[in-house]
Amino acid sequence: QVQLVESGGGLVQAGGSLRLSCAASGRIRAINIMGWYLQAPGKQRELVAAMTSGGTTNYADSVKGRFTISRDNAKNTVYLQMNSLKPEDTAVYYCNLKQILAAPPEYWGQGTQVTVSS
């Protein structure tokens, strides 16, 4: 069983920065993908950024150049450094872990609220 715990959300002014953290615990396969998804009110959950255990990254176009994903494999922790925040970044951010040929194939954290004021 795997558990994901997020932290670091909060209220910031436009142009400010936040750093989200997600710590995974339990039985975790060495080969996996950890990432961040957002869900704005009334909208579908969508990818923000993801990173494989091998270091390959993927970003949503809207955050390229502003957000940076990183991970510490020894600690099973993934981070999201968010700079130049905009009001449209306001959402609940969820940590995600994907493991191929595992049951279940993915896990979700509880979510952390990010609010950016203008």
Distance from [X] atom [atom1] to [Y] atom [atom2], nearest 0.5 Å?
| X | Y | atom1 | atom2 | result |
| --- | --- | --- | --- | --- |
| Gln99 | Asn32 | CD | CG | 5.5 Å |
| Ile33 | Asn96 | CD1 | CG | 9.0 Å |
| Gln3 | Asn76 | CD | CG | 13.0 Å |

Practice item. Just grab all the disulfide bond (SG atoms under 2.5 Å apart) pairs involving residues 20-118, residues at least two apart or on different chains. Key: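 Non-adjacent pairs meeting disulfide bond (SG atoms under 2.5 Å apart): Cys22-Cys95.
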
Taking salt bridge (charged side-chain N to carboxylate O under 4.0 Å, His left out) as the cut-off, I'd like each qualifying pair that reaches into [range], sequence neighbours left out, listed once.
| range | answer |
| --- | --- |
| residues 86-111 | Arg66-Asp89, Lys98-Glu106 |
| residues 28-39 | none |
| residues 107-118 | none |

Validation: residues 108-118 side-chain donor-acceptor distances under 3.5 Å, sequence neighbours left out:
| from | atom 1 | to | atom 2 | distance (Å) |
| --- | --- | --- | --- | --- |
| Gln110 | NE2 | Glu6 | O | 3.4 |
| Gln110 | NE2 | Glu6 | OE1 | 3.2 |
| Thr112 | OG1 | Gly9 | N | 3.3 |
| Gln113 | NE2 | Ala91 | O | 3.4 |
| Gln113 | NE2 | Thr115 | OG1 | 3.3 |
| Ser117 | OG | Val12 | O | 3.4 |

Review point. So, for Ala49 and Leu80, which heavy atoms are closest and what is the spacing to 0.1 Å?
Key: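 Scanning both residues completely, I find the closest heavy atoms to be CB-CD1, 4.2 Å.
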
**Study point:** Minimum-distance pair of heavy atoms, taken over all atoms of Ala24 and Ile28
**Key:**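 For Ala24 versus Ile28, the nearest heavy atoms are CB-CD1, 3.5 Å.
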
Check your understanding: With the 4.5 Å side-chain cut-off for hydrophobic clustering, are Tyr107 and Tyr37 part of the same group?
Key ->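 No.
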
Practice item. Find out if a path of hydrophobic residues (ILVMFWY) with successive side-chain heavy-atom gaps under 4.5 Å connects Val92 to Phe67. Key: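 No, no single cluster joins them.
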
Practice item. Enumerate the residue pairs fulfilling side-chain hydrogen bond (donor to acceptor under 3.5 Å, both in side chains) with a member in residues 12-27, sequence neighbours excluded, ordered by first and then second residue. Key: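 Listed once each, the pairs are Ser17-Asn83.
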
Point to revise | Pairs meeting criterion side-chain hydrogen bond (donor to acceptor under 3.5 Å, both in side chains) with involvement of residues 50-62, two or more places apart | key: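 Sorted result for residues 50-62: Asp61-Lys64.
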
Point to revise | Whether over 12 other heavy atoms sit under 6.0 Å from Leu11 CG | key: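 Yes, because the 6.0 Å sphere around CG of Leu11 holds more than 12 heavy atoms from other groups.
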
Exercise for review: Name all pairs fulfilling the ring pair (Phe, Tyr, Trp, His ring centres under 6.0 Å) condition that reach into residues 11-34, sequence neighbours left out, sorted by first residue then second.
Suggested key: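 Found none.
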
Exercise for review: Give every residue pair that meets the ring pair (Phe, Tyr, Trp, His ring centres under 6.0 Å) criterion with at least one member in residues 75-94, sequence neighbours excluded.
Suggested key: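 Listed by first then second residue: nothing to list.
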
Please set out all donor-acceptor pairs under 3.5 angstrom arising from side-chain atoms of residues 40-47, sequence neighbours excluded.
| from | atom 1 | to | atom 2 | distance (Å) |
| --- | --- | --- | --- | --- |
| Arg45 | NE | Gln39 | OE1 | 3.4 |
| Arg45 | NH2 | Gln39 | OE1 | 3.3 |

Practice item. Go through the structure and list residues passing side chain to side chain contact (heavy atoms under 4.5 Å, CB included) with Ala23, not counting sequence neighbours. Key: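 Thr77.
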
Check your understanding: Rest of the hydrophobic cluster containing Leu101 (Ile/Leu/Val/Met/Phe/Trp/Tyr, side-chain heavy atoms under 4.5 Å)?
Key ->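 Other cluster members: Ile100.
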
